[in-house]
Amino acid sequence: MALIPRDFFARHSVQVAPELLGCVIEHQTAAGLVAVELTEVEAYAGASDPASHAYRGKTARNAVMFGPPGHAYVYFTYGMHFCVNLVCLGYGSASAVLLRAGRVIEGVELASARRTRGAAAVPFRDLARGPARLCQALDIDRSQDGTDVCVADSPLRMRWPDAGTTARSAERKVVSGPRVGVSSAAEVPWRFWWEGEPTVSVYRSATRRRPKLVTP
DNA sequence: CGAAGGATGCGCT
DNA sequence: GCGCATCCTTCGA
């Protein structure tokens, strides 16, 4: 297992994000190991980025983003979902990369069991397709907030692509586009993914809300 | 197919 | 209170 060194993350998130494609996040729990090869990520620039949680300054929730690079920032949203970021640059910059989607390469059965609700089986491509699904497949929640992913004995860690993945990466084309679900700075093309990869989430623009009140 | 709405809890104004 | 870096189900064509 070749761990990704902290220096890798100690750069601007926009530079780190596309290089994370093909890298592997793995979570060792009592139930077993699940590893996911990243296929889609989003960069957030920190205090200067209106779409970032760090835009309005440091709070108890986002404190990890203001810490050193190579740590996991996990947040809870929409009353039921978790999303995981990897802190970049560090030392107060509060920049990070959101892990949006990936392909499960180890522990498929365990990931499938975590993702399955009721009777309907989840298709393989959908196991970690979307930031909240990825967290569910890996069993990541707020107890992983602040975890150092750059040490070998961490239950949650990042490693370089496998040899087979590296070969496949060479044939992959990295493309970029607007970020998903953010209402401000939506024009910034800081979402990166592998073109034609089936595990990439479906794009949804942020302007799908606002049912607003009705007049009877 | 696509669009629409509900679920659901917490951080921030 | 409001609004979310979301997902899933249902409804209609």
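Everything numeric here is computed off the predicted structure, so don't read it as measured data. Quick note on labels: first sequence line is chain A, next is B, and so on, each numbered from 1.
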Find every protein N or O atom lying less than 3.5 Å from an N or O atom of nucleotides 10-13 of chain B, and list the pairs.
unit_1	atom_1	unit_2	atom_2	d
B:dC12	OP1	A:T59	OG1	2.6

| query | Atom CH2 of A:W190 and atom P of C:dA5: how far apart are they, to the nearest Å? | reply | 16 Å
| query | What is the distance, rounded to the nearest whole Å, between atom CD of A:E40 and atom P of C:dT6? | reply | 10 Å
| query | Among the nucleotides C:dA5, C:dC7, B:dT8, which one has an atom lying closest to any side-chain atom of A:M80? | reply | B:dT8
| Starting at CZ of A:R179 and ending at P of C:dT6, how long is that distance when rounded to a whole Å? | 12 Å
| message | Does any part of the side chain of A:E19, heavy atoms only, come nearer than 4.5 Å to the side chain of A:V16, both counted from C-beta? | response | no
| remark: To the nearest angstrom, the CD-C1' distance between A:Q136 and C:dC8 comes to 11 Å
| field | Complement of C:dA5, any strand, by Watson-Crick or G-U distances under 3.5 angstrom | value | none
| field | Side-chain donor or acceptor of A:R142 paired with backbone N/O of A:V74 under 3.5 Å | value | yes
| message | Output the rounded distance in Å from CD (A:E42) to C1' (C:dT6). | response | 12 Å
| field | Rounded distance (Å) that lies between atom C1' of B:dA7 and atom CZ of A:F82 | value | 15 Å
| said: I'd like to know if A:R172 pairs up with A:E195 as an ion pair, taking the criterion as any Lys NZ or Arg NE/NH1/NH2 lying under 4.0 Å from an Asp or Glu carboxylate oxygen. | reply: no
| Can you check the A:L99 CG to C:dA5 P distance for me, whole Å? | 16 Å
| Gap between atoms CG and C1', on A:N85 and C:dA5 respectively (whole Å) | 8 Å
| Whether A:Y78 stacks on the six-membered ring of C:dC4 base, 5.5 Å and 30° limits | yes
| task | Output yes when a side-chain donor or acceptor of A:S13 lies under 3.5 Å from a complementary backbone atom of A:Y44, and no otherwise. | result | yes
| said: If you define the side chain from C-beta out and look only at heavy atoms, does anything of A:I105 sit under 4.5 Å from A:D162? | reply: yes
| task | Give the ring-plane orientation class for A:F76 versus A:F82, where under 30° counts as parallel, over 60° as perpendicular and anything between as tilted. | result | tilted
| If we ignore angles and hydrogens, is there a donor and acceptor under 3.5 Å between the side chains of A:S201 and A:R100? | yes
| said: Please tell me if A:R129 has a side-chain N or O lying less than 4.0 Å from either OP1 or OP2 of C:dC7. | reply: no
| message | Need one value for A:A132: base, sugar-phosphate or nothing, where a base atom within 4.0 Å counts as base even if backbone is also close, heavy atoms only. | response | sugar-phosphate
